[in-house]
Amino acid sequence: MTSGLCESLQSNLLAAIFETLPIDKRLVVLDMGAAMSSTVNFFNKFKCRLSFADLYAGDFVVHPCGEGTHSERVSQFQHHLNLPAGTKIDICLFWDLFGYLDGPTLMALIEALDPHVSSDTLGYGIGVRSADMPLPFFQYGIERSTQLSQANRGGIQPKRYPRSQRDLHHLLDYFEIAKCRLLADGRVEYLLIENRHHDTKPQLNF
Amino acid sequence: MGTDIFDKFKYPKSGHTQRVGCHTGYADIGSSSEKKTMIGAGVKVEGQITSDEDLFFEGSLEGTILAINHEVLIGKSGHLKANITAGVVRIEGTVKGDISGVEQVVISKTGNVHGNIQSPRVTLEDGAKFKGSIEMDPGDQVVLPVTPLSNVKSHQVGSKAS
């Protein structure tokens, strides 16, 4: 869902994602958040498949420590993401989802994504500079490759799981935080790359 | 949005319109060669609608809408569990199903869509709700007709209605 009150937020890392992509490639983009008009408008310029998972609206955020084994949680994510077999994600927009999932749930998400992540996959996330910094309850979109849109989600903010970059790095398994930059209000943005194949890293221009 | 192609449904100036299940709230429309069909909120349809003219749908549908090269507007009271294929599709109501727009698909601020969209251009207005995937290709004006739901009856509306 999109909100009527959107603000702009400068990004220093998002542009690097689009600079590395071949122009004529059909992109596969997975947005973990809600569908935002700005994001849809932005990707209208690309030949792409843009999927909105909106994990914030599911039980994963509201009841992250629910019943079930790890494999059951992985299956729940796979069912919710509904990605066709063989699909490889080019861009995964996590936004600030990492801050709303407990450790086991986040690890289940990363495992559910595993079959769809290749050495070309790039991720983008938002977190807080330190664990005591507030994480505003926003939903995000892309206005331009250097500018995000953010809007208040409304409602009650779910429980937050602020983490250091080191802790987050451990939970992200095969994803590596390649770059981190400061954002407004004590937030940071992360650029993620896949780190299973160290010798085939994409060349990022910063 | 301001005045657009769909305003002619709401503020008709001329044109022949076939009304199906019309009720209060729709204006009578004069006659001309421009044809469009309105289906009112009190109408429930199960099956396939094939239209060779523009379609304004306010009712309930479980099935398929095919209106290649024409415009389909699902009004605010429209409630569909259906696949839609049309030249231009605008959603103001609720649709659960896949949408294919030859030219454009617009989900308005009151629209709620759960399904997959394929179109060269897709617009999501502020306030719109969407869950699913969007396949966009601004370089090609191609459309893959959606597969009609199985075991549905066929209803013809428009000038070829039987």
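Everything quoted here is computed from the prediction, not taken from an experiment. Note on naming: letters A, B, ... go to the chains in the order of the sequence lines (proteins, then strands), and numbering restarts at 1 for each one.
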A:Val74: side chain to side chain contact (heavy atoms under 4.5 Å, CB included) partners, not counting sequence neighbours: A:His70, A:Gln78, A:Ala108, A:Glu111, A:Ala112
Proximity breakdown for A:Phe46 and chain B, heavy-atom pairs closer than 4.5 Å: backbone
Max heavy-atom pair count under 4.5 Å with chain B, selected residue of A:Val40, A:Val29, A:Leu27: A:Val40
Which atom of A:Glu176 lies closest to which atom of A:His169, heavy atoms considered: CG-CE1, 3.7 Å
NZ or CZ of A:Arg153 within 45° of A:Tyr56 ring axis and under 6.0 Å: yes
All pairs passing ring pair (Phe, Tyr, Trp, His ring centres under 6.0 Å) where residues 104-127 of chain A contributes a residue, at least two apart: A:Trp95-A:Tyr124
Most contacts with chain A, counted as non-hydrogen pairs under 4.5 angstrom, among B:Ile107, B:Asn112, B:Ile134: B:Ile134
